[in-house]
A.B. asks: 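I'd like to ask some things about the structure below.
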Amino acid sequence: MVRVLPDVGAIDKEFDYLVPDALAGDVRVGTMVRIALHGRRVGGWVTAEDVVPAEGRALRPLAKVTGWGPAPEIVELAAWAAWRWAGRRASLLTTASPEQAVRGLPPAPAPGAVPTGPGTGDPALTEALEHPAGRAVLRLPPAHGLGPVVLAAAARGRVLVVTPSAPMAAELAIGLRRGGISVAVVPREWARAAAGAQVVIGARGAAWAPCPGLASVVVLDGHDEGLQQEQAPTWVAWVVAGERARRAGVPCVVVSPCPTVELLAWAPLVVASRSVERAGWAALEVIDRRRDDPRTGLYSARLVDLVRDGGRVVCVLNRKGRARLLVCGSCGATARCTRCGAAVTQRRDGDPPPLVCGRCATTRPPLCAECGSTRLAALRLGVARVRDELEALAGRPVGEVTAETGPMPDAAVLVGTEAVLHRVGPVDAVVFVDFDQELLAPRHRGAEEALALLARASRLVGGRHRHGRVLVQTRVPHHEVLLSAVNADPARLAASERGVRVALGLPPERALALVSGPAAPVFVASLPAELPAGCEIRGSGEGSWLLRAPDHRVLADLLHAAVRPPGRLRIEVDPARI
DNA sequence: CGGACAAGCTGA
DNA sequence: CAGCTTGTCCGG
């Protein structure tokens, strides 16, 4: 007799079934089965074997064995993650399972010729993998090759590699295969991974992929938002990978050019040598636009030079979710929150209408914080015009790229939203036309996301040795993000960011959950009136509540104790936006 | 989720 | 009061 968790959205409950003798050999914890439930057939996973029969209940037999599913330790990991992110096990087990039924495994691939011996391993990676803490964050600059890092890990045994995107995983896999290593790219090659490939690689779902005989786990670009699942449960791949490695007793290394404060709180930091780090960040030119007219000064002389004869140039313009910025008419400074540094907007009510921070809601009188002037002007980019104007300035064709546009235009100069950075190959220069939208984004991870953009740009143009250029136009030229990138020193931003998080009670200082949806009021009302020490709940007034706890354990236990009412309820633990 | 069944609403 | 909609419950 086995216990089965049905793959049905609203059911987070297990049911017991008899195993027909004919199927007995194919059934273990994790196996995907079909069961008769309430008059219909649904899929599910075996979650326990040898269940003691309950009294007085006629059990139905399993209808069918669908095929291989996640290994027993992954089923346990899913239970842990369901607790950690207040989600359903079924949604996590789906991620951990093959997309198509796997009836049998292919023969185990030969590991291939993994170069071993002295001189083959990246010394920084070796130090990270052998860190006594069992886990480490390895800071390697953007242009540092990741192929050799994976190779060095593969030399120590079977390795699970998690990347923020599928194309990145595919590209690394091609390089590894060329080197003769056996690779399984998940989710497509789930069965090959289960059969025992030397490297199992994929996007965030790879944190759940099969990898028998796992020797180490490597997460690449650990700062990237792509490692977090957008829909609830909002699990984060490096957290899952770390927990999996801990349970398996193997090391986990998270590699990133710009580790977030959350990563730095999670594991000890290992850094490459200063010269390696400097060489791996592109030269960054900061163009101070404070003296330019906010309405006309979109194109600095340096920008015009670059698009005229800068080879392949990509111009990034953030036109989506573009908030209006206020600029001082006297000194050119951008209006920012005096408490947290995010961009402020002007309210319509009040006399005079006050400035309000989009991040921490602090309000202040409408004066320039730099020079005291009352002349604050709204700055809006004429985005639709930018492509045309650049084409006129450059004297050569300019193509437009966004997430929605079709094939890549055949032009040496491209203008696009951030999506363009994910779609182009190597280029000679990247220009951020108006970086202040990024620098001052009223999101709690805004500054880190801005540095991540500069890191991505650095990778596209190659490191300092390739003479690629990254150009940033800004009215906040001394922002920590820019200083960090200019100096190839991400620790700088991490230090200041750490202070902001402590002051505002944000992660990693505190653990957060955002509760929303029609059922949210009932759910919130069912929380104990006397919250555990250090916890608080704040309503937004728009049907969502922010729950704050000293750490994830307290937060998860609290969410677990509340009554989950019927109806739609979204619980976002570690929300990307608050 | 989706079927079963109960409780409410409507119109001749 | 049949016939239908809407709500609540529960599954092995």
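Values below: every heavy atom of this structure, side chains too, minus hydrogens, waters and symmetry copies. Here is how names work: the chains are called A, B, and so on, in the same order as the sequence lines, proteins then strands, and each is numbered from 1.
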A.B. asks: For A/Glu230 and A/Gln228, test the side chains for any donor-to-acceptor distance below 3.5 angstrom and give the result as yes or no.
C.D. replies: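 Checked: A/Glu230/A/Gln228 side chains show no N/O donor-acceptor pair below 3.5 Å.
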
A.B. asks: Taking the six-membered ring for Trp, are the ring centroids of A/Trp85 and A/Trp80 within less than 6.0 Å of each other?
C.D. replies: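 Ring centroids of A/Trp85 and A/Trp80 are less than 6.0 Å from each other.
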
A.B. asks: Could you tell me whether A/Glu449 and A/Arg443 have a side-chain N and a carboxylate O separated by less than 4.0 Å?
C.D. replies: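 Counted as a salt bridge, because a side-chain N and a carboxylate O are separated by less than 4.0 Å.
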
A.B. asks: Give me, pair by pair, the N or O atoms of the protein and of nucleotides 9-12 of chain C that are less than 3.5 Å apart, along with how far apart they are.
C.D. replies:
residue, atom, partner, partner atom, Å
C/dG11, OP2, A/Lys13, NZ, 3.4
C/dG11, O4', A/His38, ND1, 2.8
C/dG11, N2, A/Arg40, NH2, 3.1
C/dG12, OP1, A/His38, N, 3.4
C/dG12, O3', A/Asp16, O, 3.0
C/dG12, O3', A/Arg60, N, 3.3
C/dG12, N7, A/Arg57, NH1, 2.7
C/dG12, N7, A/Arg57, NH2, 3.0
C/dG12, O6, A/Arg57, NH2, 3.2
C/dG12, N2, A/Asp16, OD2, 2.8
C/dG12, N3, A/Asp16, N, 3.4

A.B. asks: Tell me whether A/Asp221 is salt-bridged to A/Arg459, with the criterion being a basic N under 4.0 Å from an acidic carboxylate O.
C.D. replies: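 A salt bridge is present here (some side-chain N lies under 4.0 Å from a carboxylate O).
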
A.B. asks: Tell me the salt bridge (Lys or Arg N to Asp or Glu O under 4.0 Å) pairs involving residues 84-97 of chain A, sequence neighbours left out?
C.D. replies: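 Those involving residues 84-97 of chain A are A/Asp12-A/Arg89, A/Glu14-A/Arg89, A/Arg84-A/Asp574.
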
A.B. asks: When the distance from CD1 of A/Ile35 to C1' of B/dC1 is rounded to whole Å, what number comes out?
C.D. replies: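 These atoms are roughly 12 Å apart.
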
A.B. asks: Output the rounded distance in Å from CG (A/Leu5) to C1' (B/dC1).
C.D. replies: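 That distance rounds to 13 Å.
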
